Amino acid sequence: MKNKLARIFFLTVCLLMIFSVSAAAIVPYTTYTYNVDGMQQNSPHAYVPQQVISSASIKQGLANRVNEIAADKYGENFLDLQAINDVCVDDLGHVYIVDSGSASTAGSGRIICLDENYNLRLVINEFVNDQGVPDSFSEPKGVFVTDTEILVADSQKARIVIFDKVGNFKTIVPEPASDVFPEASVYTPIAVATDAAGRIYVVSSTTNYGVISLNRDGSFNGFIGPQKVTIDAWDYFWRMFQTAEQRRSNIQYVPTEYNNLTIDSDGFLYVTTSSIDAEQQQAAITSRSTADTYAPVKKLNPSGSDVMNRNGFFPPSGEVDVYTGVGNKDITITGASTIVDVALGPNGMWSIIDQKRSKVFTYDANGVLLFAFGDMGDQVGNIQNLQAIAYQGSNILLLDSTNNTITVYKRTAYGDLIASALQNTEDQNYDAAVNYYTAILQRNNNYDSAYVGIGQSLYRDGEYLQAMQYFKYAYDTENYSEAYSAYRKEWVEKYVILIPIIIVAVCVLISWFFRHAKKVNKRGHVYKEKRSLGEELWYAIHVIFHPFDGFWDIKHEKRGTVKGATTILAITVAAFLYQSVGRGWLFNPYQNSASYIMVFMSVALPVALWVLANWCLTTLFDGEGTLKDVYIATCYALTPLPLFVIPMTIVSNFVSSDEISLVSMFLTLAYVWTGFLIFFGMMTIHDYTLGKNIIISVCTLLGAAIIMFIAMLFTGLIQKVFTFVYNIVVEIQFRM
């Protein structure tokens with residue numbers, strides 16, 4: 001009996017393992033997001049492949065419907081998909097496929113229309129135009145469908161052809177007048193969209209002045225959202241020496257063209273481009289730039305301005321970690337994403353596709369990455385060459401131009417949770433949204449939007465401290481600042497009597513500090529051979545307010561020594577160490593902290609370079625200060641830094657985002673003050689005129705840079721010598 005139970009148990013375990021492996025094999029890609037550090041965080045699948053639309057499936061669907069559509073109407077080979085380029089879905093769920101076909105193949109260039117179940121509904125390939133002449137397409141590239149019309153970008157014939165929803169010809173929007181384009185320009189429409197007012201927006205593959213806006217009669221309205229060109233100083237300088245022909249032929253100065261577009265119900269255009277320099281595009285991602293200069297996708301208002309929200313950890317640009325990604329079959333793929341299409345989904349979702357990696361990146365209305373999925377390959381769910389994307393309700397359709405197929409992806413239960421949370425947030429049903437966000441976190445605790453949603457609910461309920469904690473989890477500084485401001489206001493109202501007491505105490509402390517410094521320094525006017533460390537430190541307060549007097553006495557009256565100067569330098573280093581670990585969360589939301597050695601070097605190294613370079617120069621140009629004098633004066637000039645850095649670090653824990661600029665202003669004042677003290681200190685101890693001191697100061701900075709360069713060169717040389725000797729020793733040991 002026991003053996004029988006053991007066999008049953010073992011068999012059950014094996015079946016479960018086989019089932020789990022089979023289930024995992026259904027989805028041949030990873031779904032993930034990115035954390036604040038740019039590291040991939042795997043998440044549950046939001047979409048899984050459901051079926052593939054191909055020539056065979058369309059023919060099979062037609063064969064099953066012989067009573068509705070005569071099979072001989074199209075012929076056996078007519079429905080073979082030859083070169084599909086675009087896909088669009090209308091509000092009824094009907095699917096429209098652009099097949100550019102081949103000029104040598106009968107029936108090439110057509111729009112294949114499927115119903116919501118992917119059965120053939122109609123084919124548009126030939127029509128009678130407005131001149132009463134039989135007409136056809138020539139390599140159409142794009143399609144856009146409204147409630148009543150089908151718009152086709154007939155690329156090689158340079159026109160937009162419009163049909164009604166049952167395929168009857170309506171009109172042709174011809175090529176705009178040639179005088180609106182630069183000389184020798186070619187109009188090649190590859191994508192089209194229209195708004196509620198009937199204006200037509202066209203992307204031409206050979207036009208880099210932006211989206212073309214047309215009226216129904218073909219009259220030109222203007223260009224919308226031209227891509228900006230940024231030229232750095234060196235390029236600008238080099239252009240001055242180029243000929244006119246060289247400037248015209250240099251493509252890096254030419255605006256990039258768009259490759260696709262779509263439009264939302266409010267008339268905002270979503271446009272994509274793959275012509276941006278890859279390094280510049282990736283630099284914008286790495287720097288978390290919210291500017292649109294190197295953005296591969298934009299949201300344009302009617303005036304052509306980009307209004308896209310980029311509030312995620314990284315701007316919506318596709319892949320973030322572009323250097324370590326490995327594609328299917330161990331194919332290494334690097335470099336910025338190649339964005340070729342954008343689609344608008346339900347609940348404020350929208351997606352872009354990366355043709356280079358065959359991946360889909362989906363964002364919310366704030367530009368926050370919800371999930372990314374997809375990969376290259378032959379398995380069902382993978383795409384060889386991702387060309388277009390469309391939403392069919394909650395489903396996603398991805399077009400593979402290599403295999404001439406469209407894969408349908410179904411939203412999972414996890415994806416439904418995300419959609420429901422977004423919808424309830426949009427509808428201001430916040431309590432219901434929190435329930436969905438909580439359910440999401442139970443499945444994926446890396447989903448930052450859930451933390452934000454729960455934090456906002458807590459904020460509305462007056463639970464400001466808890467809300468701040470959830471905003472911290474999502475690194476949401478804006479909402480955190482609002483919650484903190486509300487919490488601070490509540491605290492002030494509760495302990496209002498403490499505020500004047502704290503202010504008076506701080507003022508009394510500051511007053512005592514400066515009165516005591518003045519008292520000690522007044523006693524120190526008497527000449528002494530040796531002064532205590534306390535007297536030397538208190539004298540630094542006198543120096544920062546009376547630099548000429550102070551630095552003169554430091555040199556001639558011995559009121560400052562190497563011991564006191566080194567102590568001030570140590571206090572300054574300690575102040576910056578405290579700043580690195582004690583700043584408020586709003587000043588360092590990502591908790592990036594430098595090592596103690598780096599903090600020490602950031603203070604001590606500039607001081608050492610300045611002292612050495614200044615002394616070397618002034619010994620050659622009649623400077624009266626010794627190396628010791630330069631060191632003491634430089635360190636005493638650092639006094640404003642700890643006096644401002646320490647209090648501002650404390651204050652940084654009690655300010656909101658709107659008040660950060662005040663803290664930054666005081667810190668800037670400290671740096672400027674220190675710079676002036678160093679300048680006048682050198683002027684005093686070397687007994688230079690103002691003009692000569694300016695020249696020597698500039699030369700000192702150059703000298704410090706040269707010393708740094710020589711030191712790095714020498715260090716590299718020592719490393720190479722050490723490596724050479726080490727390799728020889730290893731080789732000798734190996735041969736022995």
Side-chain angles (χ1 to χ4, degrees), residues 84-100 109-116 118 120-176 187-204 211-221 224 260-271 300 302 341-345 388-393 397 399:
I84 60 176
N85 284 287
D86 196 17
V87 60
C88 186
V89 179
D90 65 13
D91 56 342
L92 299 176
H94 296 166
V95 180
Y96 299 79
I97 305 171
V98 178
D99 187 357
S100 297
R110 63 260 176 91
I111 307 299
I112 298 177
C113 310
L114 310 178
D115 64 18
E116 66 276 13
Y118 317 117
L120 185 66
R121 192 171 68 88
L122 63 94
V123 176
I124 305 173
N125 65 317
E126 297 178 347
F127 54 92
V128 177
N129 62 29
D130 49 5
Q131 303 297 320
V133 178
D135 206 340
S136 62
F137 300 117
S138 178
E139 297 186 35
K141 296 294 184 181
V143 63
F144 185 82
V145 186
T146 68
D147 295 343
T148 59
E149 294 179 332
I150 304 170
L151 288 80
V152 181
D154 194 6
S155 297
Q156 295 305 309
K157 291 188 176 181
R159 63 185 182 177
I160 305 299
V161 188
I162 303 178
F163 303 87
D164 64 19
K165 291 297 287 291
V166 294
N168 296 316
F169 171 80
K170 291 185 68 174
T171 186
I172 289 176
V173 181
E175 178 181 359
Y187 175 67
T188 310
I190 58 172
V192 62
T194 184
D195 61 16
R199 287 182 293 267
I200 295 175
Y201 302 96
V202 180
V203 168
S204 171
V211 178
I212 303 167
S213 176
L214 304 173
N215 294 317
R216 290 297 177 110
D217 60 0
S219 57
F220 179 73
N221 289 325
I224 296 176
N260 226 318
L261 86 165
T262 190
I263 192 169
D264 65 14
S265 58
D266 296 322
F268 290 97
L269 287 171
Y270 288 74
V271 293
L300 305 178
D341 197 8
V342 56
L344 308 180
I389 180 174
Y391 275 89
Q392 184 192 36
L397 278 59
L399 185 150

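The shown structure was predicted, so the numbers you read here are calculated from the model rather than taken from an experiment. We're numbering straight along the sequence, starting at 1. Values reported hereafter were calculated over all heavy atoms of this structure, with side chains retained and with hydrogens, waters and symmetry mates removed.
Ala153 approaches Val192 most closely through the heavy-atom pair N-CG1, 4.2 Å. When all heavy atoms of Pro189 and Ser155 are compared, the closest pair comes out as O-OG, 2.5 Å. Nearest heavy atom pair, residue Ala390 against residue Ala343, reads CA-CB, 4.1 Å. Residues Gly218 and Pro174 approach most closely at CA-CD, 4.0 Å, considering heavy atoms. Between Val98 and Gly142, the shortest heavy-atom contact is CG2-C, 3.8 Å. Closest of all the heavy-atom pairs between Pro176 and Leu214 is CG-CD2, 3.4 Å.
Side-chain atoms of Arg216 come within 3.5 Å of backbone atoms of Gly198 as a donor-acceptor pair (strictly under, hydrogens ignored). At distances below 3.5 Å, at least one donor-acceptor pair connects side-chain atoms of Asp195 with backbone N or O atoms of Ala197. Glu139 contributes no side-chain N or O that, together with a main-chain N or O of Ser100, makes up a donor-acceptor pair within less than 3.5 Å. Listed for the Asp154 side chain is a donor-acceptor partner under 3.5 Å among the backbone atoms of Ser138.
At least one side-chain heavy atom of Phe169 sits less than 4.5 Å from a side-chain heavy atom of Val161. In this structure the side chain of Leu397 never reaches within 4.5 angstrom of the side chain of Ile389, judged on heavy atoms. A heavy-atom distance below 4.5 Å is not found between the side chains of Phe163 and Asn168. Side-chain atoms of Lys157 and Ser136, non-hydrogen and from C-beta on, do get closer than 4.5 Å to each other. The side-chain heavy atoms of Asn260 and Val203, taken from C-beta on, include no pair separated by under 4.5 Å.
The structure places OG1 of Thr171 at 11.5 Å from CD1 of Ile160, a figure rounded to the nearest 0.5 Å. Atom CD1 of Ile190 is separated from atom OG of Ser204 by 7.0 Å, given to the nearest 0.5 angstrom. A distance of 3.5 Å separates CD1 in Ile84 from CG in Leu399, rounded to the nearest 0.5 Å. How far CD1 of Ile150 is from NE2 of His94: 10.5 Å, rounded to the nearest 0.5 Å.
Classification of Asp115 and Arg121 as a salt-bridged pair fails, no side-chain N sitting under 4.0 Å from a carboxylate O. Taking the charged nitrogens against the carboxylate oxygens, Asp164 and Lys170 have no contact shorter than 4.0 Å, which rules out a salt bridge.
Checking each of Leu300, Ile212, Thr262, Leu261 against Tyr201 for a side-chain contact (heavy atoms from CB on, under 4.5 Å) leaves exactly one that passes, namely Leu261. With Phe144 as the partner, the side-chain contact (heavy atoms from CB on, under 4.5 Å) test is satisfied by one option alone out of Val152, Ile162, Thr194: Thr194.
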Show your working on side chain to side chain contact (heavy atoms under 4.5 Å, CB included) between Asp264 and Tyr270 and close with a plain yes or no. CA-CA 8 Å; Asp264 65 14; Tyr270 288 74; 3.7 Å; yes

Is there a side chain to side chain contact (heavy atoms under 4.5 Å, CB included) between Leu120 and Leu114 once you walk through the steps? CA-CA 4 Å; Leu120 185 66; Leu114 310 178; 4.1 Å; yes

Hey, mind stepping through Ile124 and Phe137 against side chain to side chain contact (heavy atoms under 4.5 Å, CB included) and telling me if it holds? CA-CA 9 Å; Ile124 305 173; Phe137 300 117; 4.0 Å; yes

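A salt bridge (charged side-chain N to carboxylate O under 4.0 Å, His left out) check over residues 84-94, counting only residues at least two apart or in different chains, returns the pairs Asp90-Lys165.
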